[in-house]
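Both ligands and their constituent atoms are indexed starting at 1 by order of listing. FYI, the numbering just counts along the sequence from 1.
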Amino acid sequence: MTKPLRKAVLPVAGLGTRFLPATKAMAKEMLPVVDKPLIQYAIEEARAAGIDQFCMVTGRGKTALVEHFDIAFELEATLRQRNRVEALEHLKGSQVEPGSMVTVRQQVPLGLGHAIWCARAFIGNDPFAILLPDDLVLSETPCLKQLADAYQETGGNVVAVVEVPREHTNRYGILKTGKDDGRLVEVQGLVEKPAPADAPSNLSIIGRYVLMPEVIGHLAKMERGAGNEVQLTDGMAKLIGTQPFHGLRYEGTRFDCGDKAGFLEAQIAFALARPDLAGAVRGFLQKYV
Ligand code: UTP
């Protein structure tokens, strides 16, 4: 029997330097794709996987992320007074159960591994999910739900993986693979951002994870890895051999919204998936290409 998955950690303390000046006074995770901020996509995806406890790892200048999930009393009262039913409906996804969302501060951006370690009191002794809000997945079944189902099958750690061009391995966490049935792949090793010549495969981790709490003990050693940062990948690598560890080739398309081109592609793909916008978008796209 696997322990139920009810907790998610959302690291949002990065500096977002690739999106300056947009991120000078605003969190990258508040950037909208069509009409919804990245952070809300992540929370909705977590909820769809059965998660009901959320921890955002934040930093300076990130208060809008917390505000976004608060009740906007005056706004809602005004909308109700004006009978703006549709607008009120649009606010629903940004409402979370009172007390179900906590924040911790990372204070110093020492890397993703350090950010996850900052959530250690929230994680306690439970399995937990991680969602990096700047990775957005368009899929039939929400990506984290696919991972949660795989976790029920295999137990232990499960990360979402996708094949990337070999020349891009130096941007991602890369798997050394064992047994592989085309969907689930046994993880035998993990390397953060290897040069294409040194990469053990071209299977890369995307920003969706189900991890066991033991990873925290490894991260606590604060060993610096690629880019002199405390890397989550290095902490996870220490679990291999002690617990089940699988990669799941998820169904869907991932958009790297931390990157300008990926962010723009996500706008188009998500707009085309919307019945209220698809026609207009298809029409004007023809003008430009
Ligand atoms: P990125 O590598 O995208 O870094 O982090 P970033 O700072 O957000 O963006 P750039 O590269 O400067 O443009 C991946 C995820 O890890 C979080 C980020 O918020 C993002 O969700 N992160 C990263 C932290 O929370 N703390 C860190 O120290 C580093």
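Among protein heavy atoms, the minimum distance from atom 7 (O) of ligand 1 is reached at L15 N, 2.8 Å. When hydrogens are left out, the protein atom nearest atom 3 (O) of ligand 1 is R18 NH2, 3.0 Å; that is the closest non-hydrogen contact. For atom 12 (O) of ligand 1, the closest heavy atom belonging to the protein is T17 OG1, 2.6 Å. Protein heavy atom nearest atom 18 (C) of ligand 1, with residue, atom name and distance: G14 N, 3.6 Å.
By the rule that hydrophobic residues join a cluster once side-chain heavy atoms approach within less than 4.5 Å of another member, I116 and L211 end up as members of one cluster.
Remark: ligand 1 atoms within the under-4.0 Å shell around heavy atoms of A115 are 24 (C), 25 (O), 26 (N). Taking a cut-off of under 4.0 Å to the non-hydrogen atoms of V12, the atoms of ligand 1 that pass are 19 (O), 25 (O). The contact set between ligand 1 and L112, taken as ligand atoms under 4.0 Å from a residue heavy atom, comprises 16 (O), 29 (C).
Polar contact check, G16 against ligand 1: a nitrogen or oxygen pair lies under 3.5 Å apart. Residue-to-ligand polar distances place A13 within reach of ligand 1: an N/O pair is separated by less than 3.5 Å. Taking any N or O of G111, backbone or side chain, at least one lies under 3.5 Å from an N or O belonging to ligand 1.
The pair K238-D234 fails the salt-bridge criterion, with no side-chain N (NZ, NE, NH1 or NH2) lying under 4.0 Å from an Asp/Glu carboxylate O. Taking the charged nitrogens against the carboxylate oxygens, E44 and R47 have no contact shorter than 4.0 Å, which rules out a salt bridge. One finds no salt bridge joining D259 and R171 here, because no Lys/Arg side-chain nitrogen approaches an Asp/Glu carboxylate oxygen to under 4.0 Å. Residues D135 and R208 are not paired through a salt bridge, judged by the lack of any N-O separation under 4.0 Å between the basic side chain and the carboxylate.
Distance check: L38 CG to L136 CG gives 6.0 Å after rounding to the nearest 0.5 Å.
Shown are V57, L131, V104, L132; of these, the side chain to side chain contact (heavy atoms under 4.5 Å, CB included) with V9 is made only by V57.
Counting heavy atoms under 4.0 Å from ligand 1, residue D134 touches it through the side chain alone. Contact annotation for P11 and ligand 1: heavy atoms of both the backbone and the side chain come within less than 4.0 Å of the ligand. Of the heavy atoms in Q106, only side-chain atoms (C-beta onward) come closer than 4.0 Å to ligand 1.
Counted within 6.0 Å of CZ on R166, heavy atoms from surrounding residues, nucleotides or ligands total more than 12; the atom is thus considered enclosed.
Close to ligand 1: E29, with a non-hydrogen atom less than 4.0 angstrom away. Put simply, part of P109 is less than 4.0 Å from ligand 1, judged by heavy atoms. Residue contact check for ligand 1: K28 places a non-hydrogen atom closer than 4.0 Å to it.
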**OP:** Check step by step if side chain to side chain donor-acceptor pair (under 3.5 Å) holds for Q152 and T2.
**Re:** CA-CA 6 Å; Q152 289 300 328; T2 54; 3.1 Å; yes
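Atom 5 (O) of ligand 1 is not flagged as protein-proximal [any protein heavy atom, distance under 4.0 Å].
Grouping Ile, Leu, Val, Met, Phe, Trp and Tyr by side-chain contacts under 4.5 Å, direct or through others, puts L88 with L75, L79, L91.
Looking at E140, its side chain never comes within 3.5 Å of a backbone N or O of E251 through a donor-acceptor pair.
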